[in-house]
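First up is the structure itself, then whatever we jot down about it.
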There are 2 protein chains.
Amino acid sequence: MPAQNPVASRLSREVIVDAYLRLVEAEDNDSVSLRRLGGELGVDPTAVYRHFRDKDEILTAAADRLLAEVTDGVELSGGWRDQLRDLLLALRRVYLVHPRALLALQLSPPRLENGFGNVERCIALLREAGVAEDEVPIAYEALETYTIGATVFDARATQESLAGWRQLYRMLPADRFPNLTATAASLYLDIDKAFRYGLDLMLDAIETRVRGA
Amino acid sequence: MPAQNPVASRLSREVIVDAYLRLVEAEDNDSVSLRRLGGELGVDPTAVYRHFRDKDEILTAAADRLLAEVTDGVELSGGWRDQLRDLLLALRRVYLVHPRALLALQLSPPRLENGFGNVERCIALLREAGVAEDEVPIAYEALETYTIGATVFDARATQESLAGWRQLYRMLPADRFPNLTATAASLYLDIDKAFRYGLDLMLDAIETRVRGA
DNA sequence: ACCTGAACACCGTTCAAGT
DNA sequence: ACCTGAACACCGTTCAAGT
């Protein structure tokens with residue numbers, strides 16, 4: 001029985017993705033560099049190029065893993081409306097924590113993996129709701145783009161930046177901005193609530209449409 | 001009459017912002033570096049630091065100028081619904097062309113400038129519509145976040161990336177993804193139309209609520 | 001008062017060399 | 001087959017020096 005080479009196969013796609021997710025979670029820093037990733041792995045910064053074509057491919061692999069958790073972590077019950085709502089809120093939760101990795105998905109669709117369960121589910125629920133067949137794609141797109149777009153935008157915000165806007169609006173000349181100055185103090189107090197408000201608007205309107213049909 | 005120093009005051013905040021917007025418009029490149037900006041201005045790359053604290057402040061100044069154009073470029077007519085719709089579509093148009101500069105606004109609200117007209121207008125229209133006073137802020141937030149978030153997300157997409165997702169979804173195993181494979185060919189054919197669909201859902205629901213009140 | 005230019009501390013990525 | 005390490009071509013930003 002020959003001695004195992006202790007250096008052989010220390011790295012793998014899985015180990016690299018693990019380390020990457022550990023780093024983004026540990027630091028609220030904006031970005032994880034390959035040099036930091038190499039440090040975390042105890043390996044030369046360029047070693048990961050033996051397993052991934054470029055940095056984007058690492059983000060993509062990480063995102064696929066995260067997306068698979070969306071449907072795993074949520075058990076759906078109730079009518080199509082509640083299920084659709086819970087699914088999109090679960091999607092938001094994942095995007096809130098890892099906006100950067102998940103945004104990488106947009107530009108390079110991953111090959112053949114496991115993160116598509118939530119999309120299948122969403123479309124199935126829209127059909128179940130009775131949305132007209134030719135409206136299903138566009139309705140899905142609207143819900144998806146709202147959820148992802150608004151969430152990635154919200155993920156960038158900080159309490160300071162939100163308070164900064166409130167204060168700026170409050171200080172504006174009241175004669176030229178009567179509505180804005182009056183509303184300023186109530187803005188951006190709960191961005192999650194605002195997201196849910198908008199989602200419910202969309203679901204309300206869909207419900208009304210399928211009832212009328 | 002003393003000779004003017006030909007070098008004096010070649011640079012100004014305005015000239016720098018002009019050059020910056022010229023560059024982002026000319027190139028579909030991802031980012032404009034300060035070295036390229038210096039080249040465009042015929043000046044050392046670090047000269048702009050005499051007029052702006054950092055790169056973000058340049059983006060912010062550019063964004064403020066763009067926002068002012070939102071209300072300038074659009075003449076509003078009709079009821080609150082049409083006006084609100086036109087205003088948000090005009091906001092989308094500006095964000096589609098300059099997503100990066102406008103995103104800089106989110107984190108550092110500009111001092112005392114002229115880009116807030118559209119916000120004042122939106123809130124005024126929601127009041128005019130008859131939205132309950134305590135719902136106005138959250139309704140505004142939902143509409144704003146949808147418009148900006150979805151648009152910044154859409155601005156990143158390319159015809160190739162959209163086609164890539166269509167094809168990926170189409171190739172998935174039909175037994176595990178019956179709805180997704182069936183819908184795949186109809187997805188992402190017109191993302192502007194999808195945005196308008198979602199916006200109309202929201203406006204429909206608001207209309208229904210204020211009628212019921 | 002404003003611009004220059006060297007320098008600093010970073011990036012992602014390539015590629016010949018090691019083992 | 002996989003990792004190393006020097007190198008390349010970039011970044012944003014600082015700061016002493018020029019005029």
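Below, chains carry the letters A, B, ... as their sequence lines are ordered, and counting in each starts from 1.
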ask   = Do side-chain atoms of Arg166(A) reach the backbone of Tyr188(A) as a donor and acceptor pair under 3.5 angstrom?
value = yes
query = Taking for each residue the nucleotide of DNA chain C bearing the nearest heavy atom, is the 5' side occupied by Gly42(B) or by Asp54(A)?
reply = Gly42(B)
remark   = Whole-Å distance, Leu11(A) CG to dC2(D) P, equals 10 Å
ask   = For His51(A) and dA1(D), is the shortest distance between a side-chain N/O and OP1 or OP2 below 4.0 Å?
value = no
message = How many whole angstroms separate atom CD1 of Ile16(B) from atom P of dC2(C)?
response = 11 Å
remark   = When rounded to whole Å, the CG to P distance for the pair Leu37(B) and dC11(D) reads 12 Å
note = Here the distance between atom P of dT13(D) and atom CZ of Phe52(B), to the nearest Å, is 13 Å
ask   = Nearest-Å distance, CG (Leu41(A)) to P (dC2(D))?
value = 16 Å
Charged N-O contact under 4.0 Å between Lys193(B) and Asp200(B) = no
ask   = Going by the salt bridge (Lys or Arg N to Asp or Glu O under 4.0 Å) test, which pairs reach into residues 133-153 of chain A, not counting sequence neighbours?
value = Arg127(A)-Glu133(A), Glu135(A)-Arg209(A)
task = Using the test side-chain contact (heavy atoms from CB on, under 4.5 Å), find all partners of Asp72(B) that sit at least two apart in sequence or belong to another chain.
result = none
query = Looking at dT13(C), dG12(D), dC3(D), which one has an atom nearest to any side-chain atom of Tyr49(A)?
reply = dT13(C)
query = Can you tell me how far P of dG12(D) sits from OH of Tyr20(B), to the nearest Å?
reply = 11 Å
task = Would you please name every residue forming a ring-ring contact (aromatic ring centres under 6.0 Å, His included) with Phe195(A), sequence neighbours left out?
result = Tyr146(A)
request  = Using side-chain contact (heavy atoms from CB on, under 4.5 Å) as the criterion, list what pairs up with Ala157(A), not counting sequence neighbours.
outcome  = Ser161(A), Leu162(A), Gln106(B)
request  = List for me each residue that meets ring-ring contact (aromatic ring centres under 6.0 Å, His included) alongside Tyr169(B), sequence neighbours excluded, and say none if there are none.
outcome  = Phe116(A), Trp165(B)
message = Side chain of Arg36(A), heavy atoms from C-beta onward: which of dT4(D), dC11(C), dG12(C) has the nearest atom to it?
response = dC11(C)
request  = Mark up nucleotides 5-10 of chain C, 5' to 3', with B wherever a protein heavy atom is under 4.0 angstrom from a base atom, S wherever such an atom reaches only the sugar-phosphate, and - elsewhere.
outcome  = BBB---
All side-chain contact (heavy atoms from CB on, under 4.5 Å) counterparts of Leu59(B), not counting sequence neighbours = Tyr20(B), Ala104(B)
key: Contiguous pairing runs of three or more, Watson-Crick or G-U under 3.5 Å, that involve DNA chain C   = C:4-8 with D:12-16, C:12-16 with D:4-8
request  = With sequence neighbours left out, write down each residue that passes side-chain contact (heavy atoms from CB on, under 4.5 Å) with Ser186(B), or none if nothing qualifies.
outcome  = Pro137(A)
